[in-house]
**Student:** 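Structure in structure tokens, see below.
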Amino acid sequence: MNEGAILRMQRIFREDGRTVIVAADHGAIAGPLKGIESPRELARLCTEGGADAILAHRGFVRAGLEAWKRQLGLVLRASGGFTTLGGRFEEELIAGAEDAVRWAADAVAITIKFGHAREGEFIKNAAGLISACEPCSLPVMIEAMAFEKGEFSTRADALAIAVRAAEEIGAAFIKAAMPQSIDDFVQIACGTHVPIVLLGGERTDSLPALFESIARAMDLGASGVAMGRNIWGQDNPREILEAVVGLVHGGWDIQKVIAHCEHTH
């Protein structure tokens with residue numbers, strides 16, 4: 001990784017080697033969900049709540065630009081190409097290295113569905129994107145998803161293969177799901193040598209359990225989170241974001257995290 005890529009990574013990951021990325025790329029798939037109706041308001045919330053970066057498409061950046069502050073990094077989504085109106089949820093390349101440079105992105109994101117029938121095509125697209133981004137000093141985040149028998153898998157063995165494969169392709173950092181048993185995250189982390197950030201998953205009504213899983217994964221080697229619906233999809237997004245930042249960066253224990261959310265709710 002050259003100097004430019006290192007500087008970009010430092011705008012996403014703090015000196016502690018950790019990051020809190022707010023995933024706001026859902027609108028391109030599912031439209032104006034509750035919490036992302038206004039990119040400007042969400043960008044403001046992310047800045048004020050202490051997020052390190054936002055994962056988003058170009059249109060979100062344009063609409064939220066007025067509230068985007070210099071300390072807020074951008075991970076530009078480069079893959080997608082389907083919607084909930086009937087798409088097959090199969091990734092197509094919809095942005096490239098030149099787009100990322102034009103939009104002043106700090107990193108580029110692409111999803112690979114390992115184990116999918118189109119696995120080879122997804123890998124080829126990601127490898128091509130990484131080759132195009134390297135001369136521009138652009139780190140690439142691979143969202144490594146594991147599929148088994150046509151279904152999304154959170155089995156630790158499958159995730160370990162997907163995450164290591166993403167690293168081998170050239171990912172600078174990786175976004176991945178939590179395994180079925182969070183204690184099995186050590187199996188994933190030990191086989192990988194680049195930062196892993198945990199996706200937050202679908203909106204949950206059991207935030208304490210989610211916080212406990214994040215804390216345990218951090219102890220086992222995770223480098224942060226990339227959360228969306230469990231921040232902006234909740235009724236008190238500012239407080240939850242502050243709590244996640246405290247958990248990832250501030251050394252907050254679970255009791256303090258939960259108390260912050262409950263006290264301010």
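We use all heavy atoms of the structure for the numbers below, so side chains are in, but hydrogens, waters and symmetry mates are not.
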**Student:** Are any of the side-chain heavy atoms of F13 and Q10 separated by less than 4.5 Å?
**Tutor:** no
**Student:** Check whether W103 reaches the backbone of R62 with its side chain - one donor and one acceptor, N or O, closer than 3.5 Å.
**Tutor:** no
**Student:** Does any non-hydrogen side-chain atom of I112 lie less than 4.5 Å from one of I169?
**Tutor:** yes
**Student:** Any side-chain heavy atom of F82 within less than 4.5 Å of one from E91?
**Tutor:** yes
**Student:** Charged N to carboxylate O below 4.0 Å: is that the case for E121 and K124?
**Tutor:** no
**Student:** Given side chains that start at C-beta, do those of I110 and I142 come closer than 4.5 Å, heavy atoms only?
**Tutor:** yes
**Student:** Please list every donor-acceptor pair under 3.5 Å in which a side-chain atom of residues 189-198 meets a protein atom from a residue at least two apart or in another chain.
**Tutor:**
from: T192; atom 1: OG1; to: I188; atom 2: O; distance (Å): 2.9
from: H193; atom 1: ND1; to: E167; atom 2: OE1; distance (Å): 3.4
from: H193; atom 1: ND1; to: E167; atom 2: OE2; distance (Å): 3.1

**Student:** F211: which residues meet the ring pair (Phe, Tyr, Trp, His ring centres under 6.0 Å) condition with it, sequence neighbours left out?
**Tutor:** none
**Student:** Once ring pair (Phe, Tyr, Trp, His ring centres under 6.0 Å) is applied, do any residues pair with W252, and if so which ones, sequence neighbours excluded?
**Tutor:** H260
**Student:** If two hydrophobic side chains count as joined below 4.5 Å and joins carry through other members, does I231 share a cluster with I54?
**Tutor:** yes
**Student:** Using the rule that two of Ile, Leu, Val, Met, Phe, Trp, Tyr join whenever any of their side-chain heavy atoms come within less than 4.5 Å, decide whether L210 and F185 are in one cluster.
**Tutor:** yes
**Student:** Between R40 (side chain) and E66 (backbone), is there a donor-acceptor pair under 3.5 Å?
**Tutor:** no
**Student:** Hey, could you give me each pair passing side-chain hydrogen bond (donor to acceptor under 3.5 Å, both in side chains) that has a residue in residues 19-31? Not counting sequence neighbours.
**Tutor:** D25-R77
**Student:** Mind checking side chain to side chain contact (heavy atoms under 4.5 Å, CB included) for L199 and listing every partner two or more places apart, or none if nothing turns up?
**Tutor:** E143, K175, A177
**Student:** Before accepting this row, confirm whether a basic side-chain N of the pair K256/D253 lies closer than 4.0 Å to the acidic partner's carboxylate O.
**Tutor:** no
**Student:** Test side-chain contact (heavy atoms from CB on, under 4.5 Å) on H116 and E90 and set out the steps.
**Tutor:** CA-CA 9 Å; H116 190 280; E90 296 181 5; 3.6 Å; yes
**Student:** Taking the side chain as C-beta and beyond, is there a heavy-atom pair between I12 and M141 under 4.5 Å?
**Tutor:** no
**Student:** Regarding D157 and R155, does a basic nitrogen lie under 4.0 Å from an acidic carboxylate oxygen?
**Tutor:** yes
**Student:** Determine which pairs satisfy salt bridge (Lys or Arg N to Asp or Glu O under 4.0 Å) with at least one residue from residues 212-226, sequence neighbours left out, and list them in order.
**Tutor:** D183-R216
**Student:** Measure the shortest side-chain to side-chain distance between L241 and V20 over non-hydrogen atoms and say whether it is less than 4.5 angstrom.
**Tutor:** yes
**Student:** Tell me whether E168 contacts the main-chain N or O of R164 through its side chain, where contact means a donor paired with an acceptor under 3.5 Å.
**Tutor:** no
**Student:** I'd like to know if the side chain of N230 pairs up with that of Q234 as donor and acceptor (distance under 3.5 Å, no hydrogens or angles considered).
**Tutor:** yes
**Student:** Check the side chains of N125 and E92 for a donor-acceptor pair under 3.5 angstrom, ignoring hydrogens and angles.
**Tutor:** no
**Student:** With distance as the sole test, does R18 use its side chain to make a donor-acceptor pair with the main-chain N or O of V248 at under 3.5 Å?
**Tutor:** yes
**Student:** Heavy-atom distance under 4.5 Å between the side chains of E151 and E148, does that happen here?
**Tutor:** no
